[in-house]
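Because the structure is predicted, anything quoted here is derived from the model rather than measured. In what follows, chains carry the letters A, B, and so on, assigned in the order in which the sequence lines appear, proteins first and then strands, with residues in each chain numbered from 1.
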2 protein chains.
Amino acid sequence: MATIGDVARHAGVAASTVSYVLSGKRSISPETRQRVQASVDALGYRPNASARALASHRSNVLALVIPLRAGMHVPVMMQFATAVVTSARRYDHDVLLLTADEGATGLERVQQSALVDAVVVMDIELHDERVPLLRALDLPSILIGFPLDAEGLTCIDLDFVRAAELCVDHLAGLGHQRIGLLGTPSAVYERQTGFAHRTREGFRAAVARHGIHGLETPCEPAHEAVMATVEQLLREEPELTGLVVQNEPIIGPLLDVLRSLGRRVPEDMSVLAICADDVAEGQRPRLSSVAIPAEEIGQQAVELLISKLDGLAPPAGTLVPAVLTARASSGPAPQLDRSTTA
Amino acid sequence: MATIGDVARHAGVAASTVSYVLSGKRSISPETRQRVQASVDALGYRPNASARALASHRSNVLALVIPLRAGMHVPVMMQFATAVVTSARRYDHDVLLLTADEGATGLERVQQSALVDAVVVMDIELHDERVPLLRALDLPSILIGFPLDAEGLTCIDLDFVRAAELCVDHLAGLGHQRIGLLGTPSAVYERQTGFAHRTREGFRAAVARHGIHGLETPCEPAHEAVMATVEQLLREEPELTGLVVQNEPIIGPLLDVLRSLGRRVPEDMSVLAICADDVAEGQRPRLSSVAIPAEEIGQQAVELLISKLDGLAPPAGTLVPAVLTARASSGPAPQLDRSTTA
DNA sequence: ATGAAAGCGCTAACAT
DNA sequence: ATGTTAGCGCTTTCAT
């Protein structure tokens, strides 16, 4: 491997000049720049990452803490992760993978060994144990998700409160009076995961505001569980005509279950999902949904982090606006013939 | 952050002694060792990763190339990834995430900048473009999957040929005469992904050996596609009584489709899956299956890689044995009343 | 069994 | 606009 010294000799300049040509941190005459660039190309020079990090106190590596906890939906996680890696590369950074089970220890370790410059933390709980650590650690960070107390931290997430509200507003606008929230697996609520709680919050508030009736239930991702949960919901509220689903893996089974129960979508039952657009469009009927823009959030997360590394002070909280797309799964509330016979 | 010099001063020894205590690369008197260890603990010393890498020519970081290509099943990928990270940590290594879309460039980059010591490459195609590069690059590597020409490379994977054989043997042993292989999305075959091709190979060979009739088809992961594919299969072969599935996301829909077509599992149709055990057990009926031991493969991959870094020459190819677990979805071939009426 | 000292390859003052 | 030089914090000879 060629070193910066080799390049300098080849170009007939000082090593520092090569460094400055590469970093652009001071002005270089066009001729010198060209000569150096030619030598770099000729030798196939690539700076040694460790040497650079040691001298500059910057590793150009971000840590990504990926949780793999019970009830999490993996494909969505991976969309975030991919977006983070892709965006990081655009800013000349690489991404180190930290699993959540190494937990707080892992964060401390990578910080103290100066392995990474900053960290992206996913799957934030309302009372996340990593939050105090992050505040103490002097490691620039961005949380994808909001803890209850976000003081001093930079966070970004979809506006889940608004997402739920949009769903309820949409259903209420279509005349639905009794609707349900089919949520994440219960483990997710028990961990007090931010997005699930905030969705529930928004659902409650909107239902109250519209003066309509709202039921909430978690749901495990298995066909049987979906069946049981839907039946339970219909037992509690036979006149249920609308469903908001925040649980990607059960979407398919849910539609099957409704079919097998003889409830047509959207004629008898309107279904709204909070899920990735491609998932919504892959269903039959195509689901009206509020999208989870993982790509956009991951990208913005990296941009916020980079701006912190550049010494800027980005906004502490970024709520990505929720957008509802009406498709084929939601329609006017049915006239409740059923109510007279039930 | 404390440096090795701080620790040395605190313990009253030379920096090199601290280094040797930490690395165990030369013998140290028990007293010195203790004193140094105490100072390390007292100061909370953690070696600077860049300095260490620069001096030792070892970054203690592995790269993991994760593909996110069309048709891939994400949760399985993540199981591999998690196993790799967890195992790497056990050998005091971290893992850098490389997405496949950076492709060969990414491998070259991390190698030339000495960012990583070695690389784990997933989702190998029969004629993988990264294979010649890997051979040229002088970067220790392990492939999870076998290219057609694995000369000079270290590979590991489940024995998919055997996995398919086991499934066919099982069905043939139960008297099934006409069976189908419901495979991955066609994009996966078109890319000539190793595991999909090898499964097909094994299926063909076993079917021929048993002198029974075998149908093969790819299948896209959407309810409608599953329905269409199954109907097509039954049209071609009305007396089909056994199905081997290598396509995790369609397992749920497949069972629904069979139900809606009035085919009971396993009375009318035996279903065998090649998938993770928990997926097989999460279905109703529980699926007879050949497990994909992602955990084990990921772990072994890292161990092989570490042994290479230690200068050993591990076996070039490791085929993890396929194991079939019979559960509730497979049974004796039905007496074909249907054949007389069809 | 331990110390001293020379780098590893780069960046960033500090020159001029 | 460019060169000189002093580190960054560690590992590893080379000494003893």
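Proximity of B:Ser39 to B:Val7: side-chain heavy atoms (C-beta onward) are separated by under 4.5 Å at one or more points. When side chains are defined from C-beta on, A:Val188 counts as touching A:Phe195, because their heavy atoms get closer than 4.5 Å.
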Report all interatomic pairs (protein N or O, nucleotide N or O of nucleotides 12-16 of chain D) with separations under 3.5 Å.
residue : atom : partner : partner atom : Å
D:dT12  : OP2  : B:Lys25 : NZ           : 3.1

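The separation between B:Leu115 atom CG and C:dC10 atom C1' is 14 Å, rounded to whole Å. Atom CD1 of B:Ile4 is separated from atom P of C:dG3 by 12 Å (rounded to the nearest Å). If you take CZ of B:Arg46 and C1' of D:dC10, they are 16 Å apart, rounded to a whole angstrom. One can place CG of B:Asn48 at 13 Å from C1' of D:dG7, the figure rounded to the nearest angstrom. One atom, CZ of A:Arg58, and another, C1' of C:dG9, lie 19 Å apart when rounded to the nearest Å. Atom CD1 in A:Ile28 sits about 13 Å away from atom C1' in C:dT11, given to the nearest Å. Spacing between atom CG of B:Leu54 and atom C1' of D:dG7 amounts to 12 Å, rounded to whole angstrom units. Rounded to whole angstrom, the span from the OH atom of A:Tyr45 across to the C1' atom of C:dG9 amounts to 7 Å.
Nearest-nucleotide positions on DNA chain D place A:His57 closer to the 5' end than the other of B:Ala53 and A:His57.
The CD1 atom of A:Ile156 sits 4.0 Å away from the CD atom of A:Gln300 when rounded to the nearest 0.5 Å.
A:Glu303 and A:Gln299 are linked by a side-chain donor-acceptor pair at a separation below 3.5 angstrom, with hydrogens and angles left out of the test. Side-chain atoms of A:Ser29 and A:Thr32 form a donor-acceptor pair, as typed in the model, at a separation below 3.5 Å.
Between B:Glu108 and B:Arg130 there is no salt bridge, since no side-chain N of the basic residue sits under 4.0 Å from a carboxylate O of the acidic one. Electrostatic pairing of B:Arg58 and B:Asp92 does not count as a salt bridge here, judged by no charged N lying under 4.0 Å from a carboxylate O. A salt bridge links A:Arg191 with A:Asp123; the closest basic N to acidic carboxylate O contact falls under 4.0 Å. With respect to the salt-bridge test (charged N to carboxylate O, under 4.0 angstrom), the residues B:Glu102 and B:Arg109 qualify.
In terms of modelled atom types and a separation under 3.5 Å, the side chain of A:Ser19 and the main chain of A:Ala15 share no donor-acceptor contact.
Five base pairs at each end of the helix from C:dA1-D:dT16 to C:dT16-D:dA1 define two local axes, and these are offset by 30° (rounded to 10°).
Nearest nucleotide to the A:Ala51 side chain, out of C:dT11, C:dG9, D:dT2: C:dG9. Counting only heavy atoms from C-beta on, A:Val13 has its side chain closest to D:dG3 among C:dG9, D:dT11, D:dG3.
The residue from B:Leu139, B:Ile142, B:Asp128, B:Leu107 that alone fulfils the side-chain contact (heavy atoms from CB on, under 4.5 Å) condition with B:Leu134 is B:Leu107.
Of all the residues in residues 30-41 of chain B, not one reaches under 4.0 Å from DNA chain D with any non-hydrogen atom.
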